[in-house]
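So the structure is just underneath, and the comments pick up after that.
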Amino acid sequence: MDLLALSPSSVAGNALFCVRKHLCQWRNYTRGNLDANFLSNKNFQKGSRKGRGCFSKKRDASISCSNGTGQDLYVPANDKLIGARVIYAVAPAMGHNQFRGSEIIELQNFKPASVDDIASIHSRTYVSGLEKAMDEASQQDIIYIEGTGPTYATASTFQESLIAAGAGISLVDSVVAASKKSQDQPIGFALIRPPGHHAIPKGPMGFCVFGNVAIAARYAQRVHGLKRVFIIDFDVHHGNGTNDAFYEDPDIFFLSTHQDGSYPGTGKFDEVGQGDGEGTTLNLPLPGGSGDIAMRTVFDEVIVPCAQRFKPDIILVSAGYDAHVLDPLASLQFTTGTYYMLASNIQQLAKDLCGGRCVFFLEGGYNLDSLSYSIADSFRAFLGEPSLASQFDNPAILYEEPVKRLEQAIKRVKHIHSL
C-alpha cells in the first residue's frame with residue numbers, strides 16, 4: 001500500500017478525530033476551544049465543529065477540558081486533577097496524518113517542548129537544521145528529511161513536532177501533580193503526531209521526527225526527580241530511536257516487543273544495552289502471526305517480572321496500534337481486545353509499582369478504523385469499563401498463532417535476562 005497516496009483531505013477527520021468521536025460514548029464532555037496551533041487546518045476546524053454536539057451528549061462517564069489554570073499554566077488546576085482517571089492531550093499535526101468533577105480531562109494550550117527539551121535526546125545540529133529546512137518545505141509543500149526512509153516534512157513540521165513532544169511533557173507534569181494529591185491516580189495519553197520512537201539522536205527516521213517518549217523520560221528525571229523510568233514499546237516495529245538513546249543508561253529500562261524481521265531490522269534478542277546500561281534493554285522479536293495469546297503470555301512472563309525487578313518511578317508507553325490484524329504494514333494478529341488488555345494491565349502495573357504514574361504515547365497505526373476503535377477501548381480499560389472489542393473484532397479472520405515459535409522466543413529472552 002502506498003501511504004503517500006493518502007491525501008490529507010481524505011483523512012481530514014483523521015484517527016485523532018475518530019478517537020474523539022468514540023469518546024461520545026461518555027457523558028458531559030464540555031469542550032473548550034483548542035489552541036490555535038491545532039486549528040490551523042481548515043479541515044480539522046470543520047471536523048471539530050461537527051463534533052461539538054456529539055461531545056455534549058450525556059452518557060456514563062464525564063469528560064472535560066482544562067486550559068491549565070493551576071499554579072503551573074500547563075497543569076490542570078487541583079480541583080480538576082482530583083477525581084480524574086484519564087488525562088489526555090491532542091497534537092494532531094495535520095501534515096503528519098498523510099499516514100495513518102470529570103473522569104477524562106483534555107489538556108489544552110499546553111506549552112510546546114523547548115529546544116533544550118529536545119536537545120536532551122537529539123543533537124542541536126539536527127534540531128537547528130530541521131528548523132532551517134522549514135523554508136524549503138514551505139516552498140515545496142513537502143520535503144524528505146531522511147535519505148534512507150519515508151520521513152518527510154511540511155512547512156509546519158518543526159512547530160508541530162515541538163507541540164507533540166510538549167504534549168507528553170505536559171502529561172508527565174499532570175500525572176506527577178495528581179500523584180501528590182490523590183490515591184486514585186489518573187493515567188495520561190498523548191494522542192500525537194508525528195510519532196517518535198524511530199527518531200535517533202542524530203536525526204529523523206521512519207515517519208518520526210523527535211523521540212517523544214525519550215524526551216519525556218529525560219524530562220521526568222530532570223524536572224521531577226523520577227530517576228528510574230520503565231519504557232514499554234508494543235508497536236509492531238522496533239523502537240530503535242528509544243533503544244539507542246538509552247542503550248548505556250542503567251536508570252532507564254527499555255522493553256520492546258515487535259514483529260521479527262520488520263522495519264527497521266533492529267531489536268534483536270542480543271541487544272541488551274552496554275556499559276553501565278547492560279541489562280536494561282530488552283528486545284523480544286515476535287514471530288509473524290503472534291496475537292492475543294502471545295501478548296498475554298509476554299505480559300505475564302516477561303513484562304511484569306522485568307518491571308518488578310527494575311522498580312520504576314514512572315512507566316512510559318510507546319503505544320503503537322499497528323500490530324492490529326487489520327493494519328496494512330505488518331503481519332501480527334493483535335485485536336482491539338489485545339489493546340484493551342494491555343491498557344488495563346499496564347495501568348495496574350503502574351499502580352502496583354510506581355503510584356500509578358504512567359503516560360501512553362501514540363506511535364504507529366495505519367488503519368484508521370482499527371486505530372480509533374483500539375484507542376477508544378484503551379480509554380475504556382483506563383476507566384474500568386467493559387471492552388466493546390467484540391463489536392469490532394472479527395475472530396473469523398484470525399488464524400492459529402505460532403505457539404511453539406513464541407515459546408522458544410520467550411524462553412530465549414528469559415534466559416538472556418535471567419527472568
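Throughout, numbering of the chain's residues begins at 1 and tracks the sequence.
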- side-chain hydrogen bond (donor to acceptor under 3.5 Å, both in side chains) filter on Arg412, not counting sequence neighbours, yields none
- Any residue meeting salt bridge (charged side-chain N to carboxylate O under 4.0 Å, His left out) with Arg296, in chain and number order, not counting sequence neighbours: Asp292
- Message: According to side-chain hydrogen bond (donor to acceptor under 3.5 Å, both in side chains), who are the partners of Arg218, at least two apart in sequence or on a separate chain?
- Response: Gln221, Asp249
- Note on the structure: Nearest heavy-atom contact between Tyr126 and Val209 is OH-O, 2.7 Å
- Apply side-chain contact (heavy atoms from CB on, under 4.5 Å) to Ala119 and list each qualifying residue two or more places apart in sequence or on a separate chain. Arg124
- Task: Go through the structure and list residues passing salt bridge (charged side-chain N to carboxylate O under 4.0 Å, His left out) with Glu136, not counting sequence neighbours.
- Result: none
- Would you please say whether a donor-acceptor pair under 3.5 Å links the side chains of Asp173 and Ser170? no
- Note on the structure: Across all chains, not counting sequence neighbours, the salt bridge (charged side-chain N to carboxylate O under 4.0 Å, His left out) partners of Asp260 are none
- Can Asp393 and Thr336 be counted as having a side-chain donor-acceptor contact under 3.5 angstrom? yes
- Any salt bridge (Lys or Arg N to Asp or Glu O under 4.0 Å) pairs touching residues 313-323, not counting sequence neighbours? none
- Message: I'd like to check the salt bridge (charged side-chain N to carboxylate O under 4.0 Å, His left out) partners of Lys414; sequence neighbours left out, ordered by chain and number.
- Response: Glu301
- Task: Apply the test ring pair (Phe, Tyr, Trp, His ring centres under 6.0 Å) to residues Phe234 and Phe334: give CA-CA distance (whole Å), side-chain angles for both, the deciding distance (0.1 Å), then the verdict.
- Result: CA-CA 10 Å; Phe234 56 71; Phe334 289 16; 7.5 Å; no
- Qualifying residues under side-chain contact (heavy atoms from CB on, under 4.5 Å), relative to Val413, sequence neighbours excluded: Phe269, Leu282, Leu284, Val302, His417
- Query: What's the verdict on ring pair (Phe, Tyr, Trp, His ring centres under 6.0 Å) for Phe246 and Phe254, showing C-alpha distance, side-chain angles and the deciding distance?
  - Reply: CA-CA 8 Å; Phe246 305 124; Phe254 175 66; 8.0 Å; no
- Item | Residues forming a side-chain hydrogen bond (donor to acceptor under 3.5 Å, both in side chains) with Ser290, sequence neighbours excluded | none
- Pairwise salt bridge (Lys or Arg N to Asp or Glu O under 4.0 Å) hits with a residue in residues 332-357, at least two apart: none
Would you be so kind as to tabulate the donor-acceptor pairs closer than 3.5 Å made by side chains of residues 195-202, with sequence neighbours excluded?
residue	atom	partner	partner atom	Å
His197	ND1	Asp233	OD2	2.7
His198	ND1	His238	O	3.2
His198	ND1	Asn240	OD1	2.7

